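Have a look at the structure below before the remarks.
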Amino acid sequence: MLNLIFYAFAALTLGGSLAVLITRNVMYSAFFLLLSLIGVAALFVLASADLLAVAQVMIYVGGVLVLVIFGVMLTHKPKPETTTGPQAARPNYILTQHRAWLWPLLVAAGLFTAFYSLISRIHFSLFEHRAPFQTSVDTIGKQLMTEYIIPFEIAGILLLAALVGATYLSSQGDRTNNQ
Amino acid sequence: MQPTQQVSIPELIQQVPLNYYLIVSTALFVIGIIGVLTRRNAIIIFMSIELMLNAVNLLLIAFSSYRSDSAGQVFVFFIMAVAAAEVAVGLAIIVMIYRNIRSIDVGLLNKLKW
């Protein structure tokens, strides 16, 4: 039963991420990314990381995906002069060039076998016995505030710098457009 | 470390083998690599990078919950914070590129090629 749920969410994740690559419409691929991120959050729950599943939904689905959709809408050409025919009538259609598929697929298949054989060859003896589970909210909170307090503060500074930088980049574009 | 006596969540994780998580996260990472290598739209390359970050997060969480050690989950927390910062700055850069050259095709950005 639980294996079936795992298979379903794994199929949701992998199918969503494949559809991100396959579809030609950028807006559709953003929504398939939403599907894939929700599948990853469900896999987090199945791996008993409840706090991080909530954080995944809040940060990725609530923040990153909204930003990506804003990016799609801001880079959408209002008047596609170069496109003619039935493809110009589709919404959010952005023309891009094709790339070769053969070499990336070969590289990806090689990397898959390499990564998988490498990771599964590691022998972890500790994994045979599992300690009793405590809910991850308490332990993560304690570890963030005691053991990992310096990376926590550095992450705060990094987020502030990223916000200031993103605001500066966007506002500078406005100023050059107005001149 | 003794075998678990708890009821709900450890049994959840015991029924799904660790190998399945390895396969799923490796496949997700490789799909992200295919996306970066084959697509030319900068935003789709961006989404593929997000997929690769998610694959790494999934692998870290699977290992950490199989060890009942929450240090891996703290790492995933930091990866999420850095990914949020990366998305904010990266999308601002993509929008700036679009304002300058009116396209986000990465094949057109060849001014710095040797």
Side-chain angles (χ1 to χ4, degrees), chain A residues 2-3 6 10 13-14 17-18 20-21 26 29 33 36 40 43-44 46-49 52 55 59 63-64 67-68 71-72 74-75 94 96-97 99 101 104 107-108 111-112 115-116 119-120 126-127 129-133 136 139-140 143-144 148 151 155 158-159 162-163 165-166 169-170 173, chain B residues 1-6 9-10 12-13 15-16 18-24 26-28 30-31 33-35 37-41 43-44 47 50-51 54 58 61-62 65-68 70-71 73-74 76 78 80-82 84-85 87-89 91-96 98-99 104-105 107:
Chain A
L2 198 75
N3 273 332
F6 180 84
T13 306
L14 294 181
S17 54
L18 269 181
V20 168
L21 302 190
V26 185
S29 64
L33 184 70
S36 176
V40 170
L43 290 183
F44 283 1
L46 285 184
S48 70
L52 283 168
I59 294 176
V64 169
L67 270 181
V68 165
V72 172
L74 282 178
T75 56
I94 298 177
T96 53
Q97 298 177 10
R99 273 198 200 182
W101 276 89
V107 167
L111 273 178
F112 181 78
F115 282 161
Y116 180 68
I119 296 175
S120 62
L126 263 182
F127 288 164
H129 330 286
R130 289 161 204 129
F133 180 83
S136 59
T139 52
I140 285 180
Q143 282 192 332
L144 271 182
Y148 298 97
L158 175 74
L159 280 176
L163 277 182
L169 279 178
S170 308
Chain B
M1 291 197 180
Q2 65 268 33
T4 173
Q5 305 285 331
Q6 294 290 97
I9 298 182
L12 273 183
I13 188 73
Q15 290 182 22
V16 181
L18 184 61
N19 250 355
Y20 291 179
Y21 280 100
L22 290 189
I23 292 174
V24 169
T26 313
L28 201 60
V30 165
I31 286 171
I33 286 178
I34 295 175
L37 288 181
T38 56
R39 298 302 297 260
R40 281 182 172 247
N41 194 334
I43 289 184
I44 292 186
M47 295 183 201
E50 295 302 316
L51 285 179
N54 267 294
L58 185 61
I61 279 185
S65 72
Y66 267 83
R67 273 201 72 184
S68 286
S70 62
Q73 303 191 10
V74 178
V76 173
F78 289 133
M80 279 183 181
V82 173
V87 164
V89 176
L91 274 175
I93 289 173
I94 287 177
V95 170
M96 278 296 293
Y98 178 75
R99 280 179 186 158
I104 49 172
D105 192 339

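Note that this is a predicted model, so its numbers are computed, not measured. Below, chains carry the letters A, B, ... as their sequence lines are ordered, and counting in each starts from 1.
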Assess the residue pair B:V95 and A:S170 against the criterion (side chain to side chain contact (heavy atoms under 4.5 Å, CB included)); give the C-alpha distance rounded to whole Å, side-chain angles, the decisive distance to 0.1 Å, and a yes or no. CA-CA 8 Å; B:V95 170; A:S170 308; over 6 Å; no
Between atom [atom1] of [X] and atom [atom2] of [Y], what is the distance when rounded to the nearest 0.5 Å?
X      : Y      : atom1 : atom2 : result
A:I140 : B:Q73  : CD1   : CD    : 4.0 Å
B:I31  : A:L21  : CD1   : CG    : 7.0 Å
B:I93  : A:L169 : CD1   : CG    : 6.0 Å
A:S48  : B:I61  : OG    : CD1   : 9.0 Å

What pair of heavy atoms forms the shortest contact from [X] to [Y], and how long is it?
X      : Y     : value
A:P104 : B:I34 : O-CG1, 4.5 Å
B:L51  : A:S36 : CD2-OG, 3.5 Å
B:R39  : A:V20 : NH1-O, 3.9 Å
A:V40  : B:L28 : CG2-CD2, 3.9 Å
A:A162 : B:A85 : CB-CB, 3.5 Å

Looking at A:F44, A:F112, A:F6, which has the largest count of heavy-atom pairs under 4.5 Å with chain B? A:F6
Which atoms of A:A55 are under 4.5 Å from chain B, going by heavy atoms: the side chain, the backbone, both sets, or neither? both
Does A:F115 have any ring-ring contact (aromatic ring centres under 6.0 Å, His included) partners at least two apart in sequence or in another chain, and if so, which? B:F29
Please list, chain by chain and in numerical order, all residues satisfying ring-ring contact (aromatic ring centres under 6.0 Å, His included) with A:Y116, sequence neighbours excluded. none
Test side chain to side chain contact (heavy atoms under 4.5 Å, CB included) applied to A:T13 and B:N54, step by step: CA-CA 10 Å; A:T13 306; B:N54 267 294; over 6 Å; no
Given B:F78 and A:L144, is the side chain to side chain contact (heavy atoms under 4.5 Å, CB included) satisfied, shown in steps? CA-CA 10 Å; B:F78 289 133; A:L144 271 182; 3.7 Å; yes
Using modelled atom types and a 3.5 Å cut-off, is there a donor and acceptor pairing between side-chain atoms of B:Y20 and backbone atoms of A:A10? no
Given side chain to side chain contact (heavy atoms under 4.5 Å, CB included), test B:I94 with A:L74 step by step and report yes or no. CA-CA 10 Å; B:I94 287 177; A:L74 282 178; over 6 Å; no
